[in-house]
Amino acid sequence: MSRFLLINIHMYLSAFFSAIVILVALSGGLYLLGYKGNMETTPVGVIDGGEALVADPSKDAVLSALAQAGISDYDFDYVRASGSRLYTRPTSRTHYLLEVKGDQIHVTERRPDLQGKMIELHKGHGPSAFKIFQEIFAVGIVAIILTGLWLGLSAPRLRRQTALVSGAGLLVFGLLVSI
């Protein structure tokens with residue numbers, strides 16, 4: 001592969017993914033600093049059928065339970081069960097929590113704010129199409145890093161600095177992982 005082609009691959013991938021990298025880093029940094037976003041919750045109602053829903057937490061069963069609670073125009077990708085709680089996904093948009101208590105189901109509408117949406121996307125709780133995009137994004141970031149590293153190592157004037165900085169990054173990562 002020619003140097004010119006590698007530079008173009010590196011440049012176009014970097015330009016395409018730059019805004020996304022900034023948003024992911026910003027939302028992740030805010031999360032680590034303690035701002036995890038807010039989830040506005042609104043109780044919808046309590047319905048019967050908790051034991052049946054625990055036995056069959058399928059999308060159809062959840063749609064039926066939501067219909068009993070008066071929610072009929074709502075669609076979601078899949079259900080995430082966690083103990084006696086069922087979450088409609090994606091949780092990066094308005095979604096529902098169905099909490100089973102005995103034979104009752106407590107239905108709650110949940111609306112994340114912008115930071116909450118970003119964190120849910122960051123965790124992989126977004127729409128199925130967004131998950132595919134995240135996989136492409138991961139491959140793109142690896143390609144950006146590898147092309148940049150290769151370009152630095154293949155240029156005689158940059159080889160030493162690139163190797164030193166790359167080695168330092170690997171060393172810091174290794175030290176932090178071993179703590």
Side-chain angles (χ1 to χ4, degrees), residues 9-45 53-54 57-59 62-63 65-66 69 71 73-101 105-149 152 162 164-179:
I9 290 170
H10 183 78
M11 180 190 67
Y12 284 116
L13 286 175
S14 296
F16 184 79
F17 289 120
S18 62
I20 301 155
V21 170
I22 291 167
L23 289 172
V24 168
L26 181 63
S27 68
L30 288 170
Y31 182 85
L32 292 173
L33 291 171
Y35 183 65
K36 300 178 191 250
N38 294 308
M39 189 74 64
E40 180 184 317
T41 60
T42 306
V44 173
L53 188 59
V54 169
S58 66
K59 182 176 179 177
V62 169
L63 280 170
L66 290 173
I71 302 158
D73 61 342
Y74 176 72
D75 191 31
F76 55 96
D77 288 350
Y78 61 99
V79 177
R80 167 75 167 108
S82 178
S84 62
R85 293 177 170 203
L86 290 89
Y87 299 87
T88 61
R89 292 278 173 92
T91 51
S92 59
R93 64 179 186 194
T94 299
H95 61 280
Y96 291 92
L97 164 64
L98 292 86
E99 217 169 350
V100 177
K101 297 179 180 179
I105 305 167
H106 295 253
V107 180
T108 305
E109 181 185 76
R110 301 175 55 162
R111 293 179 183 268
D113 65 3
L114 180 59
Q115 174 65 0
K117 289 178 183 182
M118 292 298 294
I119 293 304
E120 290 300 312
L121 291 172
H122 204 107
K123 291 178 179 179
H125 300 166
S128 297
F130 190 80
K131 288 181 178 187
I132 293 167
F133 177 76
Q134 285 176 306
E135 293 167 359
I136 294 166
F137 175 66
V139 170
I141 294 300
V142 169
I144 290 167
I145 300 298
L146 291 177
T147 56
L149 186 60
T162 302
L164 285 172
V165 172
S166 178
L170 185 60
L171 180 66
V172 167
F173 180 77
L175 290 171
L176 292 173
V177 167
S178 67
I179 293 177

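In what follows, residues are counted from 1 in the order of the sequence shown.
For the pair H95 and M39, the minimum side-chain heavy-atom distance is below 4.5 Å. When side chains are defined from C-beta on, Y87 does not count as touching E99, because their heavy atoms never get closer than 4.5 Å. Side-chain contact between V172 and L176: present, with at least one pair of heavy atoms (C-beta onward) separated by less than 4.5 Å. Proximity of H10 to I144: side-chain heavy atoms (C-beta onward) are separated by under 4.5 Å at one or more points. Residues V62 and L98 are in side-chain contact: their nearest non-hydrogen atoms beyond the backbone lie under 4.5 Å apart.
Nearest heavy atom pair, residue A143 against residue L13, reads CB-CD1, 3.6 Å. Taking every heavy atom of both residues into account, L97 and R85 meet most closely at CD1-CB, 3.8 Å. Smallest separation of non-hydrogen atoms from P127 and P90: N-CB, 3.4 Å.
If you take NZ on K117 and OG1 on T91, they are separated by 11.5 Å, rounding to the nearest 0.5 Å. To the nearest 0.5 Å, the span separating CD1 on I141 from CG on L146 amounts to 11.0 Å. Here the CD1-CG distance, from I71 to L63, works out to 10.5 Å after rounding to the nearest 0.5 Å. If you take NE2 on H106 and OG1 on T108, they are separated by 8.5 Å, rounding to the nearest 0.5 Å. If you take OG on S166 and CG on L171, they are separated by 11.0 Å, rounding to the nearest 0.5 Å. The line from CG of L53 to OG of S58 is 8.0 Å long, rounded to the nearest 0.5 Å.
Using a 3.5 Å distance cut-off with no hydrogens or angles, the side chains of E120 and H125 do pair a donor with an acceptor. If you check the side chains of Y78 and S128, you find no donor sitting under 3.5 Å from an acceptor. Between T94 and R111, the side chains place a donor N or O and an acceptor N or O closer than 3.5 Å (distance only, hydrogens not considered).
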Could you go through residues 27-36 and list every donor-acceptor pair under 3.5 Å that involves a side-chain atom there, pairing it with any protein atom two or more places apart or in another chain?
unit_1: S27; atom_1: OG; unit_2: L23; atom_2: O; d: 3.2
unit_1: S27; atom_1: OG; unit_2: V24; atom_2: O; d: 3.2
unit_1: Y35; atom_1: OH; unit_2: D113; atom_2: OD2; d: 3.2

Checklist line | L66/V107 under side chain to side chain contact (heavy atoms under 4.5 Å, CB included): CA gap, chis, key distance, verdict | finding: CA-CA 8 Å; L66 290 173; V107 180; 3.9 Å; yes
Next item on the list: Using the side chain to side chain contact (heavy atoms under 4.5 Å, CB included) rule, take L149 and T162 through it: C-alpha gap first, then chi angles, then the decisive distance, then the call.
Entry: CA-CA 7 Å; L149 186 60; T162 302; 3.7 Å; yes
Checklist line | Stepwise side chain to side chain contact (heavy atoms under 4.5 Å, CB included) test for F76 and R93 | finding: CA-CA 10 Å; F76 55 96; R93 64 179 186 194; 4.3 Å; yes
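Between F133 and F17, the ring planes lie tilted relative to each other; the angle falls in the 30° to 60° range. Aromatic ring orientation, Y96 versus Y74: perpendicular (interplanar angle above 60°, classes split at 30° and 60°).
In summary, K131 and D77 do not engage in a salt bridge, as defined by a charged side-chain N under 4.0 Å from a carboxylate O.
The closest donor-acceptor contact from the side chain of Q134 to the backbone of G126 lies at 3.5 Å or more, if one exists at all.
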